[in-house]
Amino acid sequence: MPNQGINARLHAFNSTDDCPAQTSIAYTESIYIYMSAVPQKTFYLETFGCQMNVHDSEKVIGTLVREGYRQVQTVEEAGLVLYNTCSIRDKAEQKVFNRLSDYKKYQKQGKKFAVLGCVAQQEGEKIFERAPYVSMVCGSASYKNLPQMLVQIEAGDQRVTGLDDRETEDCFETDFTSRTNPHRGYITIIEGCDKFCAYCVVPFTRGKERSRTSDSVLAEARQMADLGYTEIQLLGQNVNSYKDPAGKPGGKKTFAELLAAVGEVPGIKRVRFTTSHPRDFGRDIIDAIDAVPTLCDHIHLPVQCGSDRVLSAMQRLYTREQYLERIAWMKCAKRQISITSDIIVGFPGETDEDFTETLSLLDEVGYDAVFTFKYSPRPNTPSLGLDDAIPDQEKSRRLEILMSRQKDIQIARYKRYIGEILEVMVEGKNEARKQWIGRTSHNKTLNFTAPDRSIPQVGSYLKVRATQSFPNSLLGELVI
Ligand code: SAM
Ligand code: SF4
């Protein structure tokens, strides 16, 4: 059976009611196949964390279905319960152990439990000590070994581990991805991270940086386009340090070239990418956005802090001036690019003056959105040993000031769209408000009304005139 067919069915099996016609055909076919195969093994998967985790779970689900398992919607129905974890902030490990203790009561029913992802990699076999009813612990760098690990679990092995692959050169590549949205989907292009920012667990939990070949990424993008996807988001902890590992002499692609090539795949209307790291962000990315209209006019470039002193302590490898140089490139692009960022407040030793520099950076850049976090000490990271911890109350105070300043900036920025006609991808409908939900190329939510006679199709692209603005969204009317 060709892989593409299997992928289509996996995709359809998880689709919602808004599938296009071609998906409904695959859906009927999939019901027939699933009824005739009637898999006995069932699993329930719960996912926490970033887009990388969400997409990892799509690939894990695809792998399990290929191995004969059926996904169910509750723990009660499942034989195998998997928990894909995140450890980026807070007391993530404690939350995982609390959740696992909720699961303990199911042990008598013969259910098996598996912990996946960053907390699995970080806590390793300690999980078996604290939750002896867990029979598998697997970090993301070992997902490619899942089929063998599932066989071990089924054979009754009580301690199956996938924790030794942090030095791996391999990516988790599979033709069996179970995407839930039939219109837009993720493609991982690079895994792991070699940056070792002082506060961050990712290099410890996701292993070293390794890229997929551009041929493999492009094959997946074409396959998705054939299945009817129109939007692709390229994923990696640091997509800008993408290094094509193979290719004909002179045929290796840089990140910007890969981005452009994905944007040129017939049928693809929008391409996004995340996350970018300022140190590796090249001007060629802006050139690609200028040249290829399908590349979205939105860049997420996390700055973390506006003060050089703190940026250096964070080991971010760039200065405020270098960061602003990249912002200046974006502002010179042919299309107006929407810029968003991540900021951490209360890094050890951050003074009021440092914090004031972060506030002034917000004004200078004019972000369309900022994801703000209180610094959270993480195991193994260099900043764990730094003195000058900032009290939690002070972190909260700074966070509030930051969010309030950013809200004012957004109010002003969103207002500028009033009267403009923007293209949206239709994402759904808010029945209570009788409004359709759209997303612009800038990655802004633009809700809109449409006359009763026109029924916008989810996944279609329509023109909408913005008529009102809010701090985080726009409201408009369908242009007929
Ligand atoms: N690779 C991306 C980059 O370099 O910006 C970020 C990936 S991380 C999953 C997402 C965000 O979480 C970071 O940009 C940072 O703002 C935040 N973060 C990471 N570690 C943190 C920590 N220990 N405390 C607070 N926020 C943290
Ligand atoms: Fe973490 Fe820094 Fe790597 Fe981003 S670049 S994942 S913040 S270590």
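In listed order, ligands and their atoms are each counted from 1.
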Proximal atoms of ligand 1 relative to [X] (non-hydrogen, under 4.0 Å):
X: Gln237; result: 1 (N), 2 (C), 7 (C), 9 (C)
X: Gln304; result: 5 (O), 13 (C), 14 (O), 15 (C), 16 (O)
X: Pro302; result: 5 (O)
X: Lys374; result: 24 (N), 25 (C)

Quick one: CD1 on Ile343 to OH on Tyr367, what's the gap to the nearest 0.5 Å?
5.5 Å
Close approach, Arg279 and ligand 1, non-hydrogen under 4.0 angstrom
no
Please state whether Asn238 comes within less than 4.0 angstrom of ligand 1, counting heavy atoms only.
no
Identify, for atom 3 (Fe) of ligand 2, the protein heavy atom at the shortest distance, and state residue, atom and that distance.
Cys193 SG, 2.3 Å
Close approach, Arg316 and ligand 2, non-hydrogen under 4.0 angstrom
yes
Are any N, O or S atoms from Cys197 nearer to atom 2 (Fe) of ligand 2 than 2.8 Å?
yes
Heavy-atom distances under 4.0 Å are what count here, so tell me which part of [X] touches ligand 2: side chain, backbone, both or neither.
X: Pro302; result: neither
X: Tyr199; result: side chain
X: Asn238; result: neither

For Cys200, the atoms of ligand 2 under 4.0 Å from one of its heavy atoms are 1 (Fe), 6 (S), 7 (S), 8 (S)
For Arg272, the option from Gln233, Glu231, His300 that meets side chain to side chain donor-acceptor pair (under 3.5 Å)
Glu231
For atom 22 (C) of ligand 1, which of Pro377, Gly236, Cys197, Ser376 has the closest heavy atom?
Ser376
Nearest non-hydrogen atom to atom 26 (N) of ligand 1 belongs to which of Phe347, Tyr199, Phe373?
Phe373
If only atom types and distance count, is the side chain of Ser142 paired as donor or acceptor with the main-chain N or O of Asn145 below 3.5 Å?
no
Do the side chains of Leu80 and Leu64 get nearer than 4.5 Å, heavy atoms only?
yes
What I want to check is whether the side chains of Asn84 and Ser57 have a donor and an acceptor closer together than 3.5 Å.
yes
Under a 4.0 Å N-O cut-off, is there an ion pair linking [X] with [Y]?
X: Lys444; Y: Asp368; value: yes
X: Asp352; Y: Arg398; value: yes
X: Glu220; Y: Arg179; value: yes

